[in-house]
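These numbers were taken from a predicted model, which means no experiment stands behind them.
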Amino acid sequence: MDVMGDMANLFGTGRFAQPSGQEEATDEAQEAADEAAEEVRLRLAVDAGDVEATSVLGAMLLRRGDFDGAESHLRAATAAGDRAAANNLGVLLHQRGYADEAAGWWRIAAVAGSAAAAHALGRHFRERGDEPAAEYWLCQSAEQGHVLGAYALADLLEHRGDDTGAERWMRAAAERGHREAAYRLARTLDRHAGQDRGGQDRGGQDRAGQDRGDDKAAALAADEAEQWYRQAAARGHRRGALHLGTILEKRGELKEAGRWYLTSAKDGEARAACALGFLLRDAGDTESAAVWWLRAAQDGDGNAANALGALHAERGETQTAERWYRAAMDAGDDNGAYNLGLLCAEQGRTTQAEQWYRRAAYAGHREASNALAILLLRAGDETGAEPWFSKAAEAGSVDAAFNLGILHAGRSEERAALRWYERAAAAGHTEAALQVGMARLRAGDEREAERFLRCAAGGGSAEAAYRLATVLDARRPPEPAHELGEPAQEKSECEEWYERAASQGHRRAQVRVGMLAAARGDVVEAARWYREAAEAGSRNGAFNLGLLLAREGSEPEAVVWWRRAADAGHGRAALRLALVCARRGELAEGQRWADLAVSLGPREVGERAARLRDALRQELSA
């Protein structure tokens, strides 16, 4: 056979007959008329022996589905040396189910230089499991610039584990406009960026420089990935649009993110519809959010079904919420079972809650494991709770690690408790950091205690702020007494921490802030903090407020606060009341308060109160 010429190939973009997709939209009737005229012209040319017209007419009939009419023309053109006709004859035979015969014609066309035929032949061999032959022909196609050949070769190499070769040809296909290649190249670059960011420390003196290099490489890979996602999305790739929206949302570019989510969602991507719903909810438009969540949930998105369930639960529509949680669970989302457990627990349906928690926990849901353990612990089943706490903690639940610390501490297993507290504290758990700080204080390791207490106090723990303040307070050198007319001294760091704890309602901190203010001569500030502590139930606050009021000449009001403190068990307050009563001549009442002061203590107070009580008895018996 003569070497086949470079004649028209209407199906060079793939193995199956497809329209080119590049025709401009025109009036259908006009198109039909134009096609009929073109067919007449081609038939006249075929009758005149025009090989190219024979090939093009065969392709036209193949596209129309007239296989019988197409085959005769394609065979005639192929016999005359037209490689495009040989390729299209292979397409026709493949569609009729004659795969081996189709491969024979593709081989003829491919040997003659048809990139499309080489691609089709490569796909044929891959389907047969002959990867070496597939790679050979796909490589022939790709190297001739055939975009589908490049993509198919990249897919084959990726499957084989040749990441370098796969990326090279995926990039080649993407650069020639293949949208799936652009998307997959972006995913590959995304993985590279994640690996660079998450690489292990390599040690050595140049580690910092290597880490900076990794960060730069990761940033470059992420930037390039975004560009390929953008290209894929612009070409109508719905998952590309989804990922581009995710990148933009993380960067805070919510308007553009929403636009790409909308594009993807309209093309049928359920995850994009779900993400769009969350964007709308965060913007305050819950009604529109519910519309997109509904669309996504109906397409099988479990996350959207959970979001709908939560929305209805917030509205008190528990039956509807339960229905959507079940839909999420049916979609394979373990959060559905967990949320059902939460819903049942809120309604007091403990047995059902436990069942749902177990279902989610057995599926590996760590928060469900923690919730199940808490439920069991509250029911008194500590033995059953501990394994679930452990499972959740090992899966990364910070709360479960903290709860295990509490569990071991309750058994006086201090070392095990500290180990779990430290694990939770390392993950940022405020109360765990407080517990580690307290343990370090008990062990005498003040520096380490301070570090953990600072973490906990910075995380909002009032108790940690107070404990940190006491540590810093103990280090302060004694300050000279404040004298009238001197400017008030600047607040120390420990006082700032006392004030932070006090402002969060910590009663002992409020009393201490009041004492420090009184030491500075700021009576008004001291009274404010003493009063706040006293009204919150602090007996020391009530006693100190009474002292302050008494010094300012308001003894009747001072008595009110001392009485409150004494009733709460404050021995010094009871002694003060006994002294006031003795001064007023209320001997029986004074003796009663003195008796209370003796019983409350401390020792020096009890001794003074006993002497006063004896004196009052003598006075009464005289």
Side-chain angles (χ1 to χ4, degrees), residues 167 170-171 174 179-200 211-286 288-293 295-297 299-308 310-311 328 331 333-335 365-367 395-398 426-429 459:
E167 184 174 340
M170 200 70 77
R171 187 182 296 277
R179 69 180 188 183
E180 183 67 23
Y183 171 74
R184 289 178 64 174
L185 177 59
R187 296 294 290 158
T188 299
L189 292 166
D190 247 353
R191 287 193 295 272
H192 290 342
Q195 288 166 0
D196 288 338
R197 290 193 189 100
Q200 298 295 319
D211 288 346
R212 284 193 295 272
D214 283 349
D215 289 343
K216 185 176 180 180
L220 289 172
D223 288 343
E224 189 181 0
E226 180 181 342
Q227 295 309 312
W228 287 115
Y229 280 135
R230 193 175 291 276
Q231 290 201 32
R235 294 170 186 148
H237 196 289
R238 67 188 191 187
R239 283 174 295 165
L242 167 65
H243 283 279
L244 179 58
T246 302
I247 291 169
L248 293 166
E249 183 181 1
K250 288 179 180 177
R251 205 158 61 211
E253 299 175 24
L254 302 184
K255 187 173 182 180
E256 189 180 358
R259 187 165 67 248
W260 286 112
Y261 283 149
L262 179 61
T263 299
S264 180
K266 284 182 175 179
D267 285 341
E269 181 58 54
R271 289 175 297 170
C274 181
L276 180 59
F278 281 112
L279 270 190
L280 291 166
R281 183 205 61 184
D282 293 343
D285 188 356
T286 54
S288 297
V291 170
W292 286 105
W293 282 334
R295 182 168 175 172
D299 287 339
D301 190 282
N303 194 23
N306 273 314
L308 281 172
L311 185 64
D333 192 323
D334 299 329
N335 281 316
H365 195 292
R366 68 185 188 190
E367 298 310 324
S397 171
V398 180
H429 196 287

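Under a 4.0 Å N-O distance rule, the pair Arg251/Glu256 does not qualify as a salt bridge.
With rounding to the nearest 0.5 angstrom, the CG atom of Asn306 is 9.0 Å from the SG atom of Cys274. In this structure, the separation between CG on Leu276 and CD on Glu249 is 10.0 Å, given to the nearest 0.5 Å. Here the straight-line distance linking atom NE2 of His365 with atom CG of Asp333 works out to 7.5 Å at 0.5 Å rounding. Note that CD1 of Ile247 is 10.0 Å distant from CG of Leu242, once rounded to the nearest 0.5 Å. In this structure, the separation between CG on Leu279 and CG on Asp285 is 11.5 Å, given to the nearest 0.5 Å. Separation of atoms CG (Leu189) and CG (Asp223) is listed at 10.5 Å; rounding is to 0.5 Å.
When the salt bridge (charged side-chain N to carboxylate O under 4.0 Å, His left out) test is applied to Arg239, the partners found at least two apart in sequence or on another chain are Glu180.
Residues Ala182 and Ala232 come closest through the heavy atom pair CB-CB, 4.0 Å. What you find for Ala331 and Gly300 is that their closest heavy atoms are CB-O, 3.6 Å. Of all heavy-atom pairs spanning Ala265 and Arg295, the tightest one is O-NH2, 3.5 Å. Contact record, Trp293 with Ala304: O-CB, 3.5 Å, taken as the closest heavy-atom pair. In plain terms, the two heavy atoms of Ala233 and Gly240 that are nearest each other are CB-C, 3.9 Å. In this structure, Arg179 and Gly236 approach most closely via the heavy-atom pair NH1-O, 3.2 Å.
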Could you go through the side-chain contact (heavy atoms from CB on, under 4.5 Å) check for Arg230 and Trp260 one step at a time?
CA-CA 9 Å; Arg230 193 175 291 276; Trp260 286 112; 4.0 Å; yes
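Looking at Asp190, Thr246, Leu248 one by one, the single match for side-chain contact (heavy atoms from CB on, under 4.5 Å) with Tyr229 turns out to be Asp190. Tested against Leu185 for a side-chain contact (heavy atoms from CB on, under 4.5 Å), the candidates Gln227, Gln231, Glu167 yield a single pass: Glu167. Exactly one of His243, Arg235, His237 qualifies for a side-chain hydrogen bond (donor to acceptor under 3.5 Å, both in side chains) with Tyr183. That residue is His243.
Counting heavy atoms from C-beta outward, Arg171 and Glu224 have side chains that approach closer than 4.5 Å.
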